[in-house]
Amino acid sequence: MSESPQHHGQWSSRIAFIIAASGSAIGLGNIWKFPYLLGENGGGAFVLVYIACVIGIGLPIMMAETMIGRRGQRSPVNTMAALAKEANAPAFWQIAGWLGIVAGFLILSYYSVIAGWSMAYLFKMVGGFMDKVGPEEAQQIFLDLKAAPDVQLVWHSLFMALTTAILMKGLTEGIERVTRLMIPALFLMLLALDVYAATTPGFWEGMTFLFKPDFSKITPDSVLIAMGQAFFSLGLGMGSIMIYGAYLPKDVSIGRSSVIISIADSAVALMAGIAIFPVVFSNHLPPSMGPGLIFESLPLAFSHMPLGSVFGSVFFLLVFFAAITSAIALIEPAIAHLTENFAFTRQKASLIACGACWFLGLGTLWSFYDGGEWQWHGKTFFELIDFVTADVMLPLGGILIAAFGGWVIKEKVSKEELDLGEYHRYWQIGTRFIAPVAVALILLKALGLF
Ligand code: TRP
């Protein structure tokens with residue numbers, strides 16, 4: 001804690017914060033991951049479990065995490081240390097901050113590779129390389145991309161370079177500026193795609209798949225995955241929203257902002273599902289095709305639409321924007337930490353953190369390339385990082401943050417910060433009991449410990 005808390009600066013307004021935090025939340029998680037997880041885990045039932053996790057676990061934790069950030073005004077590690085000291089709690093709470101910095105770093109390493117795919121597709125769309133493709137060709141284009149480490153390397157590197165450039169510009173000129181433009185545009189485009197989906201023959205099949213729950217499909221595993229996804233999609237449990245909270249002016253209501261951000265995030269996930277599944281069913285593709293889902297199904301749809309390549313270009317442009325507004329949030333905790341603890345400039349810290357992340361991303365790149373030949377306990381390098389972060393580190397960070405917010409931070413303080421009025425009691429029940437217990441049970445189950 002060598003620096004004064006205020007040295008990072010603040011958001012220029014409440015809206016700027018809501019948009020930036022929505023930018024963190026809305027990302028590949030909504031548009032790429034949610035649809036394929038849903039496809040693999042039985043559709044409607046998964047959506048219900050997911051929404052229950054957002055409301056019962058995600059929302060209270062988001063409020064707790066933002067509140068902790070604003071109170072601490074430093075990097076997640078330094079914030080947890082400072083607040084623990086203030087409350088006479090053990091210094092061990094810092095662990096939550098460390099988990100966050102490391103998890104964000106790990107996630108961004110593969111996130112950037114996938115975001116690179118969206119750039120590659122954008123390029124193909126703009127260049128008209130995806131006009132009039134059939135299901136097999138669409139699949140082949142995706143397989144070819146995964147088998148071309150050099151092409152992926154170019155896009156991965158470009159994505160990381162752009163992320164670094166935005167971060168080097170700082171809060172107002174970098175993060176705010178980019179998110180203010182991209183997030184509203186993303187909403188509009190998705191809306192247009194939903195309207196298009198409604199005209200396809202597979203629309204009702206898609207809607208049934210999305211919204212009609214088949215409870216026999218719910219397994220302990222799928223509950224864990226839904227919860228992990230709620231954390232991932234809201235961007236919780238690892239300091240993204242904590243560091244964004246650190247830049248939040250005191251007079252903004254955290255309660256209300258968190259509700260808005262959660263609604264925006266869930267809406268985008270559902271809108272992405274509505275855009276994608278009708279197209280999947282219209283083209284008789286299996287909904288359970290995993291991480292390739294949007295890269296194989298959407299190009300098909302676009303290639304048959306009037307003005308398809310225009311639409312397709314804009315879509316992949318927006319996937320890219322969604323990704324980059326999340327990428328900056330994933331690595332911001334590490335950057336804040338480097339500037340605080342090593343007195344690096346923001347520029348230098350951005351270069352170091354992003355450079356290291358780029359390097360680690362090579363592992364993911366290679367795991368797609370070798371067709372998953374290298375595995376550890378049945379998981380490729382990419383799947384391993386995904387599992388360790390989304391299914392272990394984020395829930396663990398979430399438990400600590402919820403418990404810290406609910407139990408360690410004084411009630412008087414949380415009441416004042418959250419501004420929830422009579423709902424404060426529910427928040428307390430959520431952070432003190434529901435979130436830690438539910439998350440712990442699911443986590444233990446996932447790890448096979450009971
Ligand atoms: N929420 C983003 C997405 O859905 C990714 C992200 C940003 C994230 N910050 C995070 C995920 C913090 C986990 C934790 O794509």
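Below, all heavy atoms of this structure are taken into account, side chains as well, without hydrogens, waters or symmetry copies.
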Nearest 0.5 Å please: distance from the [atom1] atom of [X] over to the [atom2] atom of [Y].
{"X": "Leu418", "Y": "Arg70", "atom1": "CG", "atom2": "CZ", "result": "8.5 Å"}
{"X": "Glu137", "Y": "Leu143", "atom1": "CD", "atom2": "CG", "result": "13.0 Å"}
{"X": "Leu394", "Y": "Leu99", "atom1": "CG", "atom2": "CG", "result": "9.0 Å"}
{"X": "Ser22", "Y": "Ile261", "atom1": "OG", "atom2": "CD1", "result": "5.0 Å"}
{"X": "Leu171", "Y": "Phe17", "atom1": "CG", "atom2": "CZ", "result": "11.5 Å"}
{"X": "Asp386", "Y": "Thr364", "atom1": "CG", "atom2": "OG1", "result": "9.0 Å"}

- Do side-chain atoms of Tyr121 reach the backbone of Phe295 as a donor and acceptor pair under 3.5 angstrom? yes
- Message: Taking Gly239's backbone N and O only, do any of them form a donor-acceptor pair with Glu65's side chain (distance below 3.5 Å, no angle check)?
- Response: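 The answer is yes, because a donor-acceptor pair under 3.5 Å joins these two groups.
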- Message: Is there a side chain to side chain contact (heavy atoms under 4.5 Å, CB included) between Leu106 and Met393? Walk through the geometry before answering.
- Response: CA-CA 10 Å; Leu106 293 176; Met393 295 178 88; 4.0 Å; yes
Is a donor from one side chain sitting under 3.5 angstrom from an acceptor on the other, for [X] and [Y]?
{"X": "Asp221", "Y": "Thr219", "answer": "no"}
{"X": "Ser112", "Y": "Trp358", "answer": "no"}
{"X": "Tyr247", "Y": "Glu332", "answer": "yes"}

- Task: Mind running side chain to side chain contact (heavy atoms under 4.5 Å, CB included) on Leu83 and Val408 for me, showing each step along the way?
- Result: CA-CA 9 Å; Leu83 296 191; Val408 178; over 6 Å; no
- Query: Please walk me through it: do Leu28 and Ser326 pass side chain to side chain contact (heavy atoms under 4.5 Å, CB included)?
  - Reply: CA-CA 8 Å; Leu28 293 174; Ser326 295; over 6 Å; no
- Task: With Trp117 as reference, evaluate Trp155, Tyr111, Phe142 under the ring-ring contact (aromatic ring centres under 6.0 Å, His included) test and give the passing residue.
- Result: Phe142
- Under the side chain to side chain contact (heavy atoms under 4.5 Å, CB included) rule, what do Lys217 and Asn41 come out as? Steps first, then yes or no, please. CA-CA 7 Å; Lys217 298 259 174 69; Asn41 292 282; over 6 Å; no
- Message: Would you say that more than 12 heavy atoms from the other residues, nucleotides or ligands in this model lie under 6.0 Å from the CZ of Phe359, or not?
- Response: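 Atom CZ in Phe359 is not crowded, with 12 or fewer foreign heavy atoms closer than 6.0 Å.
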- Item | Contacts of Phe209 that satisfy ring pair (Phe, Tyr, Trp, His ring centres under 6.0 Å) - sequence neighbours left out |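 Ring pair (Phe, Tyr, Trp, His ring centres under 6.0 Å) check on Phe209 returns Phe277, Phe281.
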- Can you check whether Val259 reaches Met63 side chain to side chain, under 4.5 Å on heavy atoms? yes
- Task: Please tell me if the side chains of Ser109 and Ile385 come closer than 4.5 Å, counting only heavy atoms from C-beta onward.
- Result: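 SC-SC contact between Ser109 and Ile385 confirmed.
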- Anything under 30° is parallel, anything over 60° is perpendicular, the rest tilted; go ahead and classify Tyr110 against Phe232.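 Parallel.
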- Query: Is the Phe320 ring parallel, tilted or perpendicular to the Phe159 ring (thresholds 30°, 60°)?
  - Reply: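 Because their plane-to-plane angle is over 60°, the rings of Phe320 and Phe159 count as perpendicular.
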- Task: Apply ring pair (Phe, Tyr, Trp, His ring centres under 6.0 Å) to the pair Phe433 and Trp407, showing each step before the final yes or no.
- Result: CA-CA 10 Å; Phe433 305 105; Trp407 293 101; 5.5 Å; yes
- Looking at residues at least two apart in the chain, or sitting in another chain, which of them share a side-chain hydrogen bond (donor to acceptor under 3.5 Å, both in side chains) with Tyr244? none
